[in-house]
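Beneath this line is the structure, given in structure tokens, with notes to follow.
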Amino acid sequence: MTNVLMVLSAASHWTLADGTQHPTGVWAEEFLEPYRIFSEAGWKIQLASPSGAAPTFDPASLSEGGAGSTERVAEFESRIADLQPVLQHPLRLDAVNAGDFDVIFYPGGHGPMEDLAVNEDSGQLIVEAVKSNTTLGVLCHAPAALLAANDKKTGDWVLKGRRMTGFANSEEEIGGLADKAKWLVETRLVELGAEYSKASEPFASYVVVDGQLYTGQNPASSVAVAERIVADKS
């Protein structure tokens, strides 16, 4: 059986440049759709978060605009309710070992920009995954977690030169938060030496695969990146 670890932000806010706390968390679609796809593939799924804290779902992801329709909001809320026994008890990030999993997957939302981007346990989990060639899926704003993946011996970023995508600056601008942020995912990835690319149109589904690194640009990429991982692992 394929073992999957889904690493979730435990943040309920994102601190903006002026110190304002913007409500956030895990983007519902980016967790629920991959979880469904991995479950339907018969894979065993475990969750982890900093300190083993239960995740908060970004309220915008459970709005009609964020989910796409009122019917979709109801569906997401129902699925979250059904998964409460799982969501309430994630593993602690400092207690997980990359070698125990075939796939490690990070959903987005702005939450990872608050906690996982500076979380050493998450960073070292990613380092271990990269060095062992474990399948690593990272979606939307979750590439923020990749920023902490520095080799302890050399200090080097282990993903330098790798092809990837993530939430684009243009998408952050359309969402109205680009000029309020301390930093942006696309900009930081490029600064660190990633070979970043994005879809020709904002918010279009876009997936980049570089070896065992699978990245999706935005919420619309949730299904595509998870299905690609399942197809390649089958």
Same apolar cluster (I L V M F W Y, side chains within < 4.5 Å links), Val207/Phe203
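Each belongs to a different hydrophobic cluster.
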When hydrophobic residues are tied together by side-chain contacts of less than 4.5 Å, even through go-betweens, does Met164 share a cluster with Leu184?
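No, it is not one cluster - the side chains of Met164 and Leu184 are not joined through contacts under 4.5 Å.
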Glu201 atom CD, neighbour heavy-atom count above 12 within 6.0 Å
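No, CD of Glu201 has 12 or fewer neighbouring heavy atoms, counting only those of other groups under 6.0 Å.
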Check the pair Phe76 / Phe57 against ring-ring contact (aromatic ring centres under 6.0 Å, His included), numbers first and verdict last.
CA-CA 11 Å; Phe76 286 168; Phe57 285 92; 9.4 Å; no
Are any of the side-chain heavy atoms of Val130 and Arg162 separated by less than 4.5 Å?
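Val130 reaches Arg162 side chain to side chain.
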Asn218 and Glu171, any side-chain heavy atoms less than 4.5 Å apart:
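A side-chain contact exists here, since the closest heavy-atom pair is under 4.5 Å.
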Run the salt-bridge test on Glu33 and Arg72 with the 4.0 Å N-O cut-off and return the result as yes or no.
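Looking at Arg72 together with Glu33, the answer is yes, because their closest N to O distance falls below 4.0 Å.
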Using the six-membered ring wherever Trp is involved, compare the ring planes of Trp14 and His110 and label them parallel, tilted or perpendicular (cut-offs 30° and 60°).
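Parallel: the ring planes of Trp14 and His110 meet at under 30°.
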Does Lys153 have any side chain to side chain contact (heavy atoms under 4.5 Å, CB included) partners at least two apart in sequence or in another chain, and if so, which?
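Lys153: side chain to side chain contact (heavy atoms under 4.5 Å, CB included) contacts with Asp151.
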Under 3.5 Å, is there a donor-acceptor pair between the side chain of [X] and the main chain of [Y]?
X      : Y      : answer
Glu29  : Ala220 : no
Asn3   : Asp102 : no
Gln217 : Lys198 : no

How far apart are the closest heavy atoms of Ser222 and Pro219, and which atoms are they?
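Between these two residues, the closest heavy atoms are OG-O, 2.7 Å.
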Closest non-hydrogen atom pair between Pro107 and Pro112, with its separation:
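Closest heavy-atom pair between Pro107 and Pro112: O-CG, 4.0 Å.
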